[in-house]
Amino acid sequence: MSADLQLFNTADRKVSTFKPLTPGKVGIYLCGATVQAPPHIGHIRSGVNFDILRRWLIASEYDVTFIRNVTDIDDKILHKAVHEEMPWWAVAMKYERAFCDAYAALNVLPPTYEPLATGHISQMIELMELLISRGHAYAPGNGDVYLDVRSLSSYLTLSNQKLDDLQPAEDADLTHKKDPRDFALWKAAKPGDPSWPTPWGAGRPGWHLECSAMAHAYLGEAFDIHGGGLDLIFPHHENEIAQSQSAGWQFANIWMHNAWVTTSGEKMSKSLGNSLQVQELLKKVRGIELRWYLGSAHYRSMLEFSFEALEESSVNFRRIEGFLIRAAEILGSEIGKTISPEFKAAMNDDLAVPTALANISELVKTGNSAITANDKKELAAAASDVRGALAILGCDPFDPVFATSGNDKKELLDGLVSLALEQRTSARERKDFAASDLIRDSLTKLGITIEDTANGTRWTAN
RNA sequence: GGUCGGAUGGCCGAGAGGCGAGGCUCAGGACUGCAAAUCCUGCUACACGGGUUCAAAUCCCGUUCCGACCUCCA
């Protein structure tokens, strides 16, 4: 186990020690959403996974610049606009907001910068001019601009494929392409579609071009980490590499890809309906619990979704949360945030969150035993290690982000429950257990859980 | 056809040659007036067939099954 961060790089499929290009700084580009539908938990898992990476880098004292783009123009958005009878930009903005809400509900930190594709057309045109001048792209005259894959010295290095092994696209248009595998940097405008003027005609950007242009605009010719979902390796990331390296840029140093959330062993698809949309699941569990679930599996492992597993994960989280709340009550002060050596070692090992979770469980056990033994020193140490770990995972229950919205009836509730508990306590003192149990049962029915502890009775509302 | 992953106990989910990860569930115990919470104990698993090794869930060969990508999917 190294003291330094080890990360798996898709490019060589090996785990190696992370070395930033500039000491103390890290630049990350994460492929964000194409805003054409509400986010499901697969989309948001990617956000959570890379948010944990980001928080860990920050905790490791790196100055992190985190870019996550928004693809706000593409075929599906245009189709959706027709279907929903809205302007394309209204569709994009509507779903962009849905993604923002989902990220916020799960405590995914806002990116340092969050560029929109449509805000970077001039950078894309400059990149195309550069690629054409270097002999790697061509404009056949129909308004499209293509990348000439046969001109590349290397291609498909991430997915380890051979150009000639690719199945030819069914709809390959050979009237303008030099090779069926050449891909569009720019698409000529069709009647009625939005378009931007270029030296080769009006049109709109291809998907791959925008990421190369935006990564370059915010992170420069070379940066540390490029992330995204596993399914982006080909073609999206291969094509980003092709564009950027053909432009003479070094581009990303490390490629990281998160695995999917699956259902019944299969990758999520829209055919599964709306039940796995973030907003739907937030009706069943709290944001902090959904995040705990999505973050709990290793980022490179498939996460097989089930409502049972989600519930189980929530039960696990509530136990840890309950410990921290009890610890804060007993210590009478705010819990600190520290990083245990075991947690650090696990996170440095390619973000081994499941191993880190095992450490958190051990710490909770130690802390609970310290409560029983009335050892406040050990309790404080365990609690701050637990809170520090949860904060890295974005699941600190004391984080104001997760604060339940202001309840102006809180004092009233507190007073009423206290009143009932006083009655119960006096009943117990005179050994009238029938009366005391009646009070407890009544409170239980109202959703209030009673615990008799060494320090008196405590209650929690669920 | 090419490329890449996966199969671990009742369930979820780590590990990647040797010390029973952890969680959830369940059973028993301690504590409690009874509970709740907590702690302790128990439930000894690695798809199949070969092989390498003192030692294999882990390495090698083969097989079965499941999945992903192959031109706009996180």
Side-chain angles (χ1 to χ4, degrees), chain A residues 10 13 30-34 36 39-50 71 74-76 149 156 159-162 164-172 180-184 187 205-210 227-236 238-239 257-262 264-270 293 296-298 300-304 306 308-317 319-320 322-323 326 346 352-362 364-365 367-369 371-373 428 431-433 436-437 440-441 444 449-454 457-460:
Chain A
T10 307
R13 295 173 203 273
L30 174 64
C31 283
T34 299
Q36 48 100 7
H40 63 231
I41 52 174
H43 296 121
I44 239 65
R45 180 190 185 187
S46 182
V48 168
N49 284 157
F50 283 97
T71 298
D74 102 313
D75 287 349
K76 286 183 178 169
V149 296
L156 308 180
S159 57
N160 195 27
Q161 299 176 97
K162 293 190 178 76
D164 293 322
D165 287 339
L166 294 185
Q167 284 183 350
E170 288 172 15
D171 59 347
R181 282 149 294 214
D182 288 351
F183 59 89
K187 298 182 170 193
W207 179 36
H208 316 302
L209 184 70
E210 58 181 80
L230 207 52
D231 45 358
L232 297 184
I233 293 175
F234 183 87
H236 186 51
E238 293 286 15
N239 290 350
H257 294 93
N258 65 278
W260 297 293
V261 179
T262 57
S264 306
E266 290 180 30
K267 180 182 167 185
M268 272 192 183
S269 67
K270 272 187 284 178
Y293 174 64
S296 65
H298 187 94
R300 285 193 283 121
S301 295
M302 302 291 174
L303 178 62
E304 170 67 22
S306 72
E308 292 75 18
L310 175 59
E311 176 56 27
E312 173 186 307
S313 167
S314 298
V315 168
N316 172 228
F317 179 74
R319 176 171 168 269
I320 298 165
F323 161 68
R326 258 175 284 131
V353 173
T355 307
L357 259 37
N359 175 239
I360 292 172
S361 285
E362 302 289 353
V364 168
K365 206 169 279 187
N368 276 324
S369 296
I371 290 175
T372 306
R428 291 178 70 208
K431 309 243 185 259
D432 183 355
F433 297 121
S436 76
D437 288 353
R440 184 173 63 195
D441 291 347
T444 303
T449 306
I450 304 302
E451 293 168 36
D452 294 321
T453 75
T457 302
R458 70 188 288 270
W459 63 276
T460 45

Report task. Please work out if Gly228(A) contacts a base, only the sugar-phosphate, or nothing of the nucleic acid, heavy-atom cut-off 4.0 Å. Result -> sugar-phosphate
Query raised in the report: Rounded to the nearest 0.5 Å, what separation is found between the CZ atom of Arg458(A) and the CD1 atom of Ile450(A)?
Result: 10.5 Å
Query raised in the report: Of all the choices, C69(B), A21(B), A35(B), which nucleotide is nearest to the side chain of Arg440(A) once you look at every atom?
Result: A35(B)
Query raised in the report: Checking only heavy atoms, does the side chain of Arg319(A) share a donor-acceptor pair with the base of G23(B) at less than 3.5 Å?
Result: no
Query - Pairwise P distance, A57(B) and A47(B) [rounded to whole Å] - result: 10 Å
Report summary line: Between Trp260(A) and Met302(A) the two heavy atoms that sit nearest each other are CE3-CE, 3.3 Å
**Report entry** Strand partner of G62(B), provided both Watson-Crick or wobble distances fall under 3.5 Å
**Finding:** C48(B)
Report task. Determine the Euclidean distance between corresponding C1' atoms of C46(B) and G20(B); express it in Å to zero decimal places. Result -> 13 Å
Query raised in the report: His298(A) has an atom NE2; how far is it from atom C1' of A14(B), in whole Å?
Result: 10 Å
Report task. Write down the atom of His298(A), the atom of Arg45(A), and the distance for their closest heavy-atom approach. Result -> O-NH2, 2.8 Å
**Report entry** Contact nearer the 5' end of RNA chain B, comparing Trp260(A) with Val364(A)
**Finding:** Val364(A)
Report summary line: For Arg326(A) and Arg319(A) the tightest heavy-atom approach is NH2-O, 4.4 Å
Query raised in the report: At under 4.0 Å between heavy atoms, what does Asp437(A) touch on the DNA or RNA strands: base, sugar-phosphate, or nothing?
Result: base
Requested in this report: May I ask you to verify if any side-chain N or O of Asn368(A) is less than 4.0 angstrom from the OP1 or OP2 atom of C39(B)?
Outcome: yes
Report task. Scan Val353(A) against the nucleic acid and name what it touches under 4.0 Å (heavy atoms): base, sugar-phosphate only, or nothing. Result -> nothing
Query raised in the report: Which heavy atom in Ser296(A) sits nearest to a heavy atom in Pro354(A), and how many Å separate them?
Result: O-CG, 3.5 Å
Requested in this report: Give none if A21(B) has no partner; otherwise give the nucleotide forming a Watson-Crick or G-U wobble pair with it, both distances under 3.5 Å.
Outcome: none
Query raised in the report: Which value, in whole Å, describes the distance between the C1' atoms of nucleotides G17(B) and U58(B)?
Result: 6 Å
**Report entry** Identity of whatever pairs with A68(B) - Watson-Crick or G-U, under 3.5 angstrom
**Finding:** U3(B)
Requested in this report: Report which part of the nucleic acid Glu304(A) touches: base, sugar-phosphate, or nothing (heavy-atom distance under 4.0 Å, all strands).
Outcome: sugar-phosphate
Requested in this report: Measure distances between side-chain N and O atoms of Asn359(A) and base N and O atoms of G22(B), and say whether any donor-acceptor pair falls under 3.5 Å.
Outcome: no
Report task. Indicate whether OP1 or OP2 belonging to C70(B) is found under 4.0 Å from a side-chain N or O atom of Lys162(A). Result -> no
Report task. May I ask which nucleotide in the shown strands pairs with U32(B), Watson-Crick or G-U wobble, both distances under 3.5 Å? Result -> none
Report task. Check the distance between U71(B)'s P and Lys76(A)'s NZ and give it to me in whole angstrom. Result -> 14 Å
Query raised in the report: Is there a Watson-Crick or G-U wobble partner for U53(B) with both distances under 3.5 Å, and if so, which one is it?
Result: none
Query raised in the report: Within this structure, what is the CD-to-P distance between Gln161(A) and C4(B), rounded to whole angstrom?
Result: 9 Å
Query raised in the report: So, is Asn160(A) near the phosphate of C4(B), with a side-chain N or O under 4.0 Å from OP1 or OP2?
Result: yes
Report task. Measure from the side chain of Asp165(A), starting at C-beta and using heavy atoms only, and say which of G2(B), A74(B), C12(B) lies closest. Result -> G2(B)
Report summary line: When rounded to whole Å, the OH to C1' distance for the pair Tyr293(A) and C24(B) reads 13 Å
Query - P gap between A56(B) and G51(B), integer Å - result: 12 Å
Query raised in the report: Can you find an N or O donor on one side and an acceptor on the other, under 3.5 Å apart, linking the side chain of Arg45(A) with the base of A74(B)?
Result: no
Query raised in the report: What integer number of Å spans the P atoms of A14(B) and C66(B)?
Result: 22 Å
Report summary line: Of the listed A36(B), A14(B), C12(B), the closest approach to the Glu312(A) side chain comes from C12(B)
Report task. Select base, sugar-phosphate, or nothing to describe what Arg326(A) touches, counting heavy atoms under 4.0 Å on all strands. Result -> sugar-phosphate
Report summary line: Rounded to whole Å, CG of Leu232(A) lies from P of U3(B) at a distance of 22 Å
Query - Length of the line joining Phe323(A):CZ and G22(B):P, which is rounded to integer Å - result: 18 Å
Query raised in the report: Across all strands shown, which nucleotide pairs with A16(B) by Watson-Crick or G-U wobble geometry, both distances under 3.5 Å?
Result: none
Report summary line: Contacts of Phe234(A) and Ala352(A) projected onto RNA chain B by closest heavy atom; the upstream (5') one is Ala352(A)
Query raised in the report: Is a donor-acceptor contact shorter than 3.5 angstrom present between the side chain of Arg13(A) and the base of C4(B)?
Result: no
Requested in this report: Can you label the angle between the Phe183(A) ring and the His208(A) ring as parallel, tilted or perpendicular, going by 30° and 60°?
Outcome: perpendicular
Query raised in the report: Counting only side-chain N and O atoms of Ser301(A), is one of them less than 4.0 Å from OP1 or OP2 of A14(B)?
Result: yes
Requested in this report: Provide the Watson-Crick or G-U wobble partner of G42(B), both distances under 3.5 Å; none if there is no partner.
Outcome: C26(B)
Query raised in the report: What are the two closest heavy atoms between Glu304(A) and Tyr293(A), and how far apart are they?
Result: O-OH, 3.5 Å
Requested in this report: Compare the minimum distances between each of G23(B), G13(B), G33(B) and the side chain of Asn316(A), then state the nucleotide with the smallest one.
Outcome: G23(B)
Requested in this report: Under 4.0 Å between any heavy atoms, over every strand shown, what does Lys365(A) touch: base, sugar-phosphate, or nothing? Just pick one.
Outcome: sugar-phosphate
Query raised in the report: Asp74(A) CG to A74(B) P: how many Å, rounded?
Result: 9 Å
Query raised in the report: Does the Glu238(A) side chain pair with the main chain of Ser159(A), one donor and one acceptor, at a distance under 3.5 Å?
Result: yes
Query raised in the report: So what does Asp231(A) touch, heavy atoms closer than 4.0 Å: a base, only the sugar-phosphate, or nothing?
Result: base
Query raised in the report: Just to confirm, is there a sub-4.0 Å distance from OP1 or OP2 of A74(B) to any side-chain nitrogen or oxygen of Thr34(A)?
Result: yes
Query raised in the report: Looking at Cys31(A) and Leu232(A), what are the two nearest heavy atoms and their distance?
Result: CB-CD1, 3.6 Å
Report summary line: In whole angstroms, the gap separating P of U38(B) from CD of Glu362(A) amounts to 15 Å
